[in-house]
Structures are given as C-alpha cells and as structure tokens.
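Each remark here refers to the structure printed beneath this line.
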Amino acid sequence: MGVDPAAQTFSCRIELSRTDGISIVIKDGVKKDQYVRSIELGPASITLTCKDGAVTSVVTQKDGSIKTAVTTDKGTTTIDQDGETIAFTCKTFK
C-alpha cells in the first residue's frame, strides 16, 4: 500500500535529559517552525504548546498553579490560577 500524497508529513523528536526531563516536539514537514506541537515534562513544570503560524497557545502547570496564554495577531489573553487566586488578562470577558 502506497503513501497518500495528500497526507501531511511531520517530524517527531523525543529528547530525554537527566536534568531537564522529557521533551516531545512535532513539526509539520512543510510549514517547519510555523506549525509546532510540543510537550515538556520538566522537573518543575509541565508545558503544552500549540503553534500555528502567528497563533500560539501555551499551558504551563507547576505545583500549585496553572497558567494558560493564547496569542494571536489581536493580542494575548492569559489566565493565571493558584490555590487562592484566578487572574484574567483579556480585551473582552464573557
């Protein structure tokens, strides 16, 4: 069975480090650094990143806190949460 010519090609890299933890990175073979998905399991946090051109979403979890950030050409919105506080940064809140 042959490869579908319409199928996207991706590269996947897994890095293991005794000091930095584990990184998994998936990149589009055509768009290179414009389309990236990554997971970083570090000693102090877990970070998920989705990038598609100018749009980037990042979720970072640490012991006792979570931060999400979404960046587009219109700006950045964030949500910071810990055990006592939730803070929002945005242009419009619904």
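Position 1 is the first residue of the sequence; numbering continues from there.
- The salt bridge (charged side-chain N to carboxylate O under 4.0 Å, His left out) pairs that include a residue from residues 35-48 number zero, where partners must be two or more places apart or lie in different chains.
- Side-chain heavy-atom separations under 4.5 angstrom define the hydrophobic clusters, and Val55 shares its cluster with no other residue.
- Pairs passing the side chain to side chain donor-acceptor pair (under 3.5 Å) check and including a residue from residues 13-22, sequence neighbours excluded, read Arg13-Glu15, Ser17-Thr19.
- Every residue meeting the side chain to side chain contact (heavy atoms under 4.5 Å, CB included) condition with Leu41, not counting sequence neighbours, appears here in chain and number order: Ile22, Ile39, Ile46.
- Annotation: side-chain hydrogen bond (donor to acceptor under 3.5 Å, both in side chains) contacts of Thr76 (sequence neighbours excluded): Thr71.
- The list of ring-ring contact (aromatic ring centres under 6.0 Å, His included) pairs with a residue in residues 30-79, not counting sequence neighbours, reads Phe10-Tyr35.
- Among residue pairs with one or both ends in residues 36-72, none qualify as ring-ring contact (aromatic ring centres under 6.0 Å, His included); sequence neighbours excluded.
- Residue pairs meeting the side chain to side chain donor-acceptor pair (under 3.5 Å) criterion with at least one partner in residues 44-62, sequence neighbours excluded, do not occur; the list is empty.
- Pairing each heavy atom of Gly21 with each of Pro43, the nearest pair is N-CD, 4.4 Å.
- Counting side-chain heavy-atom gaps under 4.5 Å among Ile, Leu, Val, Met, Phe, Trp and Tyr, Val70 is found in no cluster with other residues.
- Between Leu48 atom CG and Ile24 atom CD1 the span is 10.0 Å, to the nearest 0.5 Å.
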List, one per line, each side-chain donor-acceptor pair under 3.5 Å for residues 81-94, sequence neighbours excluded.
residue : atom : partner : partner atom : Å
Asp82   : OD1  : Glu84   : N            : 2.8
Asp82   : OD1  : Thr85   : N            : 2.7
Thr89   : OG1  : Thr78   : OG1          : 3.2
Lys91   : NZ   : Lys74   : O            : 2.5

